[in-house]
Number of protein chains: 2
Amino acid sequence: MNMLKEPSLSNPHDCVDCPIRHRAVCARCETDELEALEQIKYYRSFQAGQTLIWSGDQMDFVGSVVSGIATLTQTMEDGRTQMVGLLLPSDFVGRPGRDGAAYDVVATTDLVMCCFRKKPFERMMMETPHIAQRLLEMTLDELDAAREWMLVLGRKTAREKIASLLSIFARRDASLKVDVSKDTLVFDLPLTREAMADYLGLTLETVSRQISALKKDGVIHLEGKRHVTIPNLSRLLEEAGDDADGGIMV
Amino acid sequence: MNMLKEPSLSNPHDCVDCPIRHRAVCARCETDELEALEQIKYYRSFQAGQTLIWSGDQMDFVGSVVSGIATLTQTMEDGRTQMVGLLLPSDFVGRPGRDGAAYDVVATTDLVMCCFRKKPFERMMMETPHIAQRLLEMTLDELDAAREWMLVLGRKTAREKIASLLSIFARRDASLKVDVSKDTLVFDLPLTREAMADYLGLTLETVSRQISALKKDGVIHLEGKRHVTIPNLSRLLEEAGDDADGGIMV
DNA sequence: GGCTAACCTTGACACAGATCAAGCGCGAAC
DNA sequence: GTTCGCGCTTGATCTGTGTCAAGGTTAGCC
């Protein structure tokens, strides 16, 4: 039952190249299994702005983000686009058992991925039960995140949406600097206003206006366009309309 | 590799009591495994309107819907609610490895569930690799559905949202009657206007108005408030703004 | 330095959908 | 039959966000 307990996030980069260990220290990752993964892995680098995968393309690999940020987006015929996922370091990409990609995957910063050829990875998954079990855990986490985001998209105001997005960065961005004593934290926005708009179901103008408003009201401080200081995290979470529990470092 | 191929939906009720076989005929479900599942299963019935599970509750079972319809909803402190999932017969409920429920689960019709006590089910999952593999497939399907819904919530107009919801019923409602020759199909709406609004991020008034508009424009016919005829499915899919591919019986 | 292009901000106005309000239709209970 | 209540429809009005437009800021490049 041990394997099934809530993953520990204390050291998410314990083994940054193994998607199965990512986002949790997985006590069952035996050395020989890691070595088997080792033999089918390779690295790929991408530049900011580059599209790694087009929706509908054949995907012959799965993998995980080593550094940088990528987004999953869906686009309608008339050009409306919605971001459906945000890939931060250690996040997994790809769907074992399916060949066609369902979304565009775009690097928003320079990006390094650790990839595994899909067929051998699937074979390993068949032979090594806990890989599927670990992927299941990770997919369930993704599903929870997607559903939480449905509440944001469906029911929150523009201001709450922006605050929610900032909370996500506050929770998940590994690059943030924290000064816990003051409930303060500092990070750089990894997305343009337009990308934020696509995540939030807004226009870039509304994003800009709401960020300005949050700044005027002292909920955040801005230095330049990207460098953000959150002087009071609980205030931000209040603005996001979240239940108080969803704090940082869950 | 066989196990990983796209599940066949030709006979979703092949074994309606086994969540692992649900929504797909799983060739690996061996008889002795089914018997093991048999020993830990039990049925529960619920009345329309009843809340099966409250968000935050302990959940000591997993299971799947045998008949009826249930919804997963999230609620904010001020009462705004968003439906984040719709459970139709054969859909799976519960999260192996987590005790607290993340959403309210509400029966919108009378409902029968086939449940499995969680601990023994998890134990079986550890011992029977393809259970986790099958659950992974199902969860990935759920994730795709959730992400598709994010596009609906974030970027579609009220009219498109309604058409999208009707398309879902057209695709998934097992109770529908099809007359393929005429591209026509008939079914009963399983949700109130309010529940549809909660699914779509709208108000019930807007739902009502848009349904009236689709009716006036001949996209649908209504008999009473619930009985719907779709005279031209491709017309409906156009209204939903979907790419043409997302048709019925995929 | 100045030029360019991408990114961002701000303003004025329009409109889709929310809100508030009234009343209808129909099944259930009596 | 009558009444009640819930689910639904429709109308009038309000408002948050989109749309269109102009101009500002910054980093990179000559």
Side-chain angles (χ1 to χ4, degrees), chain A residues 47-50 76 78-82 106 108-110 152-166 188-217 220-228 239 241, chain B residues 47-49 71 76 78-82 106 108-110 152-166 188-217 220-228 239 241:
Chain A
Q47 295 182 341
Q50 203 176 344
M76 294 173 68
D78 59 9
R80 282 177 281 177
T81 78
Q82 175 67 48
V106 183
T108 60
T109 65
D110 289 347
V152 173
L153 289 172
R155 291 299 185 196
K156 291 195 178 179
T157 65
R159 186 182 174 99
E160 289 169 334
K161 284 178 174 181
I162 297 288
S164 298
L165 184 57
L166 293 173
D188 285 322
L189 290 173
L191 301 178
T192 64
R193 301 290 186 266
E194 188 178 20
M196 289 190 246
D198 284 342
Y199 205 176
L200 297 166
L202 298 170
T203 59
L204 68 91
E205 293 93 333
T206 299
V207 169
S208 181
R209 274 187 255 269
Q210 295 299 334
I211 289 181
S212 298
L214 288 175
K215 183 178 159 190
K216 184 164 71 62
D217 297 345
I220 62 174
H221 298 307
L222 265 185
E223 217 173 291
K225 292 154 195 302
R226 296 295 190 90
H227 194 71
V228 181
E239 291 282 355
Chain B
Q47 295 184 341
T71 63
M76 293 173 67
D78 60 9
R80 283 177 279 177
T81 77
Q82 175 67 48
V106 182
T108 60
T109 65
D110 287 347
V152 173
L153 289 173
R155 291 300 184 197
K156 291 195 177 178
T157 64
R159 185 181 174 101
E160 289 170 334
K161 284 177 174 182
I162 297 288
S164 298
L165 184 58
L166 293 173
D188 285 322
L189 290 173
L191 301 179
T192 64
R193 301 291 186 263
E194 187 178 20
M196 290 190 244
D198 284 342
Y199 205 176
L200 297 166
L202 298 170
T203 59
L204 69 91
E205 292 95 333
T206 298
V207 169
S208 180
R209 274 186 256 268
Q210 295 298 334
I211 288 180
S212 298
L214 288 174
K215 182 178 162 191
K216 185 164 70 64
D217 298 345
I220 62 175
H221 298 306
L222 263 185
E223 219 173 290
K225 293 152 195 303
R226 296 293 191 91
H227 195 71
V228 180
E239 291 282 356

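The figures here come from the full heavy-atom set of this structure, side chains too, leaving out hydrogens, waters and symmetry mates. Per chain, numbering begins at 1; letters A, B, ... match sequence-line order. Fair warning: this is a prediction, and the values are worked out from it, not measured in the lab.
To the nearest angstrom, C1' of C:dT10 lies 14 Å from CD1 of A:Ile211. Whole-Å rounding puts the B:Arg193 CZ to C:dA18 P distance at 16 Å. Following rounding to the nearest Å, A:Lys216 (NZ) and C:dT10 (P) show an atom-to-atom distance of 11 Å. Taking atom CD on B:Glu205 and atom P on D:dT10, their separation rounds to 13 Å, with Å as the unit. Put simply, CZ on B:Arg226 is 10 Å from P on D:dT9, counting in whole angstrom units. Counting to the nearest Å, the P atom of D:dG11 and the CD atom of B:Gln210 are 14 Å from each other. Note: CG (A:Leu204) to C1' (C:dT10) measures 12 Å, nearest angstrom. Across the protein-nucleic acid pair, B:Glu223 atom CD and C:dC26 atom P stand 12 Å apart, rounded to whole Å.
In this structure, A:Met196 and A:Arg155 both approach DNA chain C, and ranking their closest nucleotides by distance from the 5' end singles out A:Met196.
The base of D:dG16 does not come close enough to the side chain of A:Arg209 for any donor and acceptor atom to sit less than 3.5 Å apart. If you check distances only, the side chain of A:Glu194 never reaches the base of C:dC8 with a donor-acceptor pair under 3.5 Å.
A distance-only check finds no donor-acceptor pair linking the side chain of A:Arg159 to the backbone of A:Ile211 [under 3.5 Å]. In this structure a side-chain-to-backbone donor-acceptor pair under 3.5 Å is present from B:Asp110 to B:Ala48. Proximity of a side-chain donor or acceptor of A:Ser212 to a complementary backbone N or O of A:Ser208 within less than 3.5 Å is detected.
Nearest to the side-chain atoms of B:Thr157 among the listed nucleotides D:dT17, D:dG18, C:dG17 stands C:dG17.
Contact annotation: B:Thr206 side-chain N/O to C:dG17 OP1/OP2 distance is not under 4.0 Å.
Of the inter-residue distances, the one linking A:Met196 atom CE with A:Leu189 atom CG reads 4.5 Å to the nearest 0.5 angstrom.
Nucleic acid contact for A:Ser212: sugar-phosphate only, since backbone atoms but no base atoms lie under 4.0 Å from a heavy atom of the residue. Here B:Thr192 lies in heavy-atom contact (under 4.0 Å) with sugar-phosphate atoms only. If you check every strand for non-hydrogen atoms under 4.0 Å, B:Gly49 touches nothing. Among the protein residues, A:Arg159 comes within range of no part of the nucleic acid, since none of its heavy atoms lies under 4.0 Å from any strand.
The neighbour count for B:Glu205 CD, taken as heavy atoms of other residues, nucleotides or ligands under 6.0 Å away, is above 12.
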